[in-house]
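FYI, side chains are in, hydrogens and waters are out, and symmetry mates aren't considered; it's all heavy atoms of this structure. Reminder, nothing fancy here: chain letters follow the sequence lines and each chain counts from 1.
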Amino acid sequence: MGNTKQKDEIMLKMRNIHKAFGAVEVLKGIDIEVKRGEVLAIIGPSGSGKSTLLRCINRLSTIDQGSIDIKGQCLALTKPSGEVEYARPKDMRKILSCMGMVFQQFNLFPHMTVMENLLEAPMQVKKMPREEIQPLAEELLKKVGLYGKRDAYPAKLSGGQQQRVAIARALAMEPDIMLFDEPTSALDPELTGEVLKTMRELAASRMTMVVVTHEMAFAREAASHVIFMADGNIVEQAPPEIFFEHPREERTKAFLQNML
Amino acid sequence: MDKLLNTVVLMLEGSEITLEIFFVTLILALPIGMLAALGRLSTIRLLSRTVEFYIWLMRGTPLMLQLLFVYFALPMVGIMLPDITAALLAFSLNYAAYFAEIFRAGIQAIPKGQYEAAQTLGMTPAQTMRRIILPQVIRIVLPPISNETINLVKDTSLIYILAMNDLLRVARTIVQREFDMTPFVIAAVFYLAMTFVLTWGFKKLEAYYGKYEAEG
Ligand SMILES: Nc1ncnc2c1ncn2[C@@H]1O[C@H](COP(=O)(O)OP(=O)(O)O)[C@@H](O)[C@H]1O
Ligand SMILES: [Mg+2]
């Protein structure tokens, strides 16, 4: 463990990512790199390809060109012939297992209680006995402030509570990288705070995170890096202080103007 | 009084065939219907199209015609089946087609996000189906399955035309012989009782599988 956890370890590296749906090119050569403990915030107008980029990281979408390395292991590469090759299924499962994802629509399992949602994957996928995983699950629920709701079904929870359970569920698999796709966009404004608080705490605990968001305040405070995407390209990227105080590109300025 | 007892005994014997058709059809048609639904949703076009044709054929022609077909037409091409087998074949294939459409709709009602959440947690497609999708599908399909099952109770009386001594045929035989309508009343009570038990059972199942829903 020791020396693989060094601070500068590159957790995620994407090179020249291209992706099209039919004739529409949605990603036009994206490069990103995220080191351990960093929080990358991706912002940009709707339809600019943010979700697609995020989904390519954990293979919910496949790329048409480029390469993806996760913690130094090759998930996908482009061969000289131009063909994209993904890791073999067994290696792929292992590579993908270090990533967790939180969705805009929560996607909790509605037929399971909060606790069962957290236990499901560790028990089914890692084959951990219940006694072994339950303490971690309880600790996670306490951390997101929902231990009291452990026996409730998701339908009984507010959107903000559901999203915090979804974060805890992903964390129960003990991932090294967490992906968030607009985690607060489906929430009533008064409920976004509690979810952002959980995410800030996660960032403060040095979790590596890639966050697609419209919450500028969160990006400004919690991100180590901000990327602005438009039309499938990275228009601008910088540390948050520089990005928000001194944006260089006109498109970025116009976008930020609109968000305030 | 003896006469009534005699009638009831005869009719209980008749109800054996009725119950046999009912239960065997249910036990065969549910899994066949599930397989057909998965086939119908398959990305293998030939499979999906074949199942679609089968469903169209079964739902587009009367069950009565299908019964007559297996009973009279198959022997003409040299396929001899015992009466009860022929009836069960027609019933099972017919009901499987209806169940297939119910299961298909149920599976398609599950949001894509459920599959994606399971996938990002590392679950295999088989685990996802068994642990995440099917339990939710069962909740969705229980009411329409309950409807079809109650229809099946009454449809069993169609074997009447195949000269098998089911409940209804026994009733009619006695009525014609004795000029007494009691057997019809007993038959009605029998069908009603079965329907009552089924309605009650499905209500329990719905409550069990629906316990996660917001209301209640
Ligand atoms: N599965 C898909 N099939 C076809 N087009 C898609 C699909 N997913 C996304 N797109 C298109 O790709 C573009 C980028 O979408 P998306 O990555 O969701 O953008 P964002 O998350 O930035 O709003 C949009 O024009 C969208 O319509
Ligand atoms: Mg999006």
Please determine whether the number of non-hydrogen atoms from other residues, nucleotides or ligands lying under 6.0 Å from atom [atom1] of [X] exceeds 12.
{"X": "B:Leu65", "atom1": "CG", "value": "yes"}
{"X": "A:Lys149", "atom1": "NZ", "value": "no"}
{"X": "B:Lys112", "atom1": "NZ", "value": "no"}
{"X": "B:Phe196", "atom1": "CZ", "value": "no"}
{"X": "B:Lys203", "atom1": "NZ", "value": "no"}

Give, as side chain, backbone, both or neither, the part of [X] having an atom under 4.5 angstrom from any heavy atom of chain B.
{"X": "A:Met173", "answer": "side chain"}
{"X": "A:Gln105", "answer": "neither"}
{"X": "A:Phe103", "answer": "side chain"}
{"X": "A:Leu108", "answer": "backbone"}
{"X": "A:Arg169", "answer": "both"}

>> Applying a heavy-atom distance below 4.5 Å, give me the residues of residues 115-130 of chain B that approach chain A, sorted by number.
In response: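 The list, in residue order, reads B:Glu116, B:Ala117, B:Ala118, B:Gln119, B:Thr120, B:Leu121, B:Gly122, B:Met123, B:Thr124, B:Gln127, B:Arg130.
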> Do B:Arg131 and A:Glu120 come within less than 4.5 Å of each other through their side chains, counting heavy atoms only?
Replying inline: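 B:Arg131 reaches A:Glu120 side chain to side chain.
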> Of all the residues in residues 89-96 of chain A, which have a heavy atom that comes within less than 4.5 Å of a heavy atom in chain B?
Replying inline: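 From residues 89-96 of chain A, the residues near chain B are A:Arg93.
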> Taking all atoms of both residues into account, what is the closest heavy-atom pair of A:Pro110 and B:Gln114, and its distance?
Replying inline: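 Scanning both residues, the minimum pair turns out to be CD-OE1, 3.5 Å.
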> Should the pair B:Tyr212 and A:Tyr153 be assigned to parallel (<30°), tilted (30 to 60°) or perpendicular (>60°) ring geometry?
Replying inline: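 Plane angle between 30° and 60°, so tilted.
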